[in-house]
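First up is the structure itself, then whatever we jot down about it.
Excluded from the calculations below are hydrogen atoms, water molecules and symmetry mates; all remaining heavy atoms, backbone and side chain alike, are included.
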Amino acid sequence: MKSLCAVALGIVVPAALLFAATGAGARSASAVTCTASASGTNYTLHIAIPAGLQQFGFAFGVPGATVTNAVIPGANGNFSTQNLAPNTSGRWISDTPLTGAPVVTLTTSVAGTGSPTVVPSTQTSYTRPVACALTGTPASRAVAITVEKPIRYVAASHAWHVVVAVPSAGTVSAVQLEPTIGTAGAHSVTAKSLVQARKITRSSAGKATLILRPTQHGQAVLAANGSLKVELHVTFDAAGGKSGSEMLSLRLTK
């Protein structure tokens, strides 16, 4: 039996708490279906939930992009970036069951490079991922960028230098993904940023160096813990309209 990532809605469950799929869970995972259409950074997902099955939300993954928002019109629930299923970057959760055929509107950081994935959620766990059949093709906007690793702290500038190789003229930026704290049953609050960086515009292909500085809150956390743990989204917007991005999970130290 396949293990499931145990995530209770609205409650953080230790990552070590895993349990096997029940027959009902397996049936739910195989029975839920999804089709999707794409237009740039917007996706419309048509999810079909068979009669007798109840879902309390979904986690979403889009290849080559980060999900920045999810909306199900007419349904009670919230978007969150906490307690995600593997290979997803956002989820929509509710304290009441979803039935029938919910329509989900996803917004992503850049145009994706493939079909979205939906991971249904019961009240206590995620079930197996469901691939959405893509009926439209995302705009061909993706370009490749490379972030040099490791990210190094430069004492002279009191900051970390993030070196990004880009294929053409354009703008490079980096944003810390700030998780939403709270659930459908509680007021959602956005966590404070630990780091920030100014955009850099290049007139040709080459390397751009982003200066990543701790915020006032980040300085306090760094002093207390000796490091910062951040999810950094590095984006390149080319002068010709294409874009590329890379997601980094970093532990920053001096």
**Request:** Give the C-alpha distance, both sets of side-chain angles, the deciding distance and a yes or no for side chain to side chain contact (heavy atoms under 4.5 Å, CB included) between Leu98 and Ile72.
**Result:** CA-CA 10 Å; Leu98 293 166; Ile72 302 180; 4.2 Å; yes

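- Between Leu106 and Asn69, the closest side-chain pair of non-hydrogen atoms is not below 4.5 Å.
- Counting heavy atoms from C-beta on, the side chains of Thr117 and Cys132 never come closer than 4.5 Å.
- The aromatic ring centres of Tyr153 and Trp160 sit less than 6.0 Å apart.
- If you take CZ on Phe60 and CZ on Arg91, they are separated by 11.0 Å, rounding to the nearest 0.5 Å.
- The shortest heavy-atom contact between Ser89 and Thr81 is O-CG2, 4.0 Å.
- The main-chain N or O of Val195 is found under 3.5 Å from a side-chain atom of Gln176 such that the two form a donor-acceptor pair.
- Using a 3.5 Å distance cut-off with no hydrogens or angles, the side chains of Ser249 and Glu231 do pair a donor with an acceptor.
- Panel note: side chain Thr108, backbone Thr41; a donor-acceptor pair is recorded below 3.5 Å.
- Pairing each heavy atom of Ala197 with each of Leu212, the nearest pair is CB-CD1, 4.0 Å.
- Note that CD1 of Ile151 is 7.5 Å distant from CG of Leu232, once rounded to the nearest 0.5 Å.
- Of all heavy-atom pairs spanning Ser227 and Arg251, the tightest one is OG-NH1, 3.3 Å.
- In Asn87, the CG atom is not crowded: 12 or fewer heavy atoms of neighbouring residues, nucleotides or ligands sit closer than 6.0 Å.
- Contact check for Val164 versus Thr146: no side-chain heavy atoms found under the 4.5 Å cut-off.
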**Request:** Start with the C-alpha distance between Val163 and Val147, add both sets of side-chain angles, then the distance that settles side chain to side chain contact (heavy atoms under 4.5 Å, CB included), and finish with yes or no.
**Result:** CA-CA 6 Å; Val163 179; Val147 180; over 6 Å; no

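- Between Ser204 and Val166, the shortest heavy-atom contact is O-CG2, 4.5 Å.
- No single ILVMFWY cluster, assembled from side-chain heavy atoms under 4.5 Å apart, contains both Ile211 and Ile200.
- If you check the side chains of Thr171 and Thr201, you find a donor sitting under 3.5 Å from an acceptor.
- At a threshold of 4.5 Å between non-hydrogen side-chain atoms, the residues Ser109 and Thr235 do not count as touching.
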**Request:** Kindly indicate, with the supporting measurements, whether the criterion side chain to side chain contact (heavy atoms under 4.5 Å, CB included) is fulfilled by Thr107 and Asn42.
**Result:** CA-CA 5 Å; Thr107 304; Asn42 294 318; 3.7 Å; yes

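- Here the CG atom belonging to Asp95 is positioned 8.5 Å from the CZ atom belonging to Phe56, to the nearest 0.5 angstrom.
- Atom CG of Leu53 sits about 11.0 Å away from atom OG1 of Thr122, to the nearest 0.5 Å.
- Between atom CG of residue Leu228 and atom CG of residue Leu250 there is a gap of 10.0 Å, rounded to the nearest 0.5 Å.
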**Request:** Go through the steps to decide whether Val234 and Leu248 satisfy the test side chain to side chain contact (heavy atoms under 4.5 Å, CB included), and finish with yes or no.
**Result:** CA-CA 8 Å; Val234 180; Leu248 306 174; 4.0 Å; yes

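- Among the candidates Val67, Ile93, Val71, the single residue satisfying the side-chain contact (heavy atoms from CB on, under 4.5 Å) test with Phe79 is Val67.
- Contact record, Pro73 with Val103: CD-O, 3.5 Å, taken as the closest heavy-atom pair.
- One distance of note links CG of Leu194 with CD of Gln216; it measures 12.5 Å at 0.5 Å rounding.
- Side-chain atoms of Thr88 never come within 3.5 Å of backbone atoms of Gly90 as a donor-acceptor pair (strictly under, hydrogens ignored).
- Here the options are Thr99, Ile47, Ile49, the test is side-chain contact (heavy atoms from CB on, under 4.5 Å), and the partner is Gln55; only Ile49 passes.
- Evaluation of the salt bridge (Lys or Arg N to Asp or Glu O under 4.0 Å) test over residues 194-223, restricted to residues two or more places apart or in two chains, returns Glu148-Lys207.
- Nearest heavy-atom pair, Ala38 versus Tyr43, reported as atom, atom and distance to 0.1 Å: CB-CE2, 3.6 Å.
- Between Tyr126 and Pro86, every side-chain heavy-atom pair lies at or beyond the 4.5 Å cut-off.
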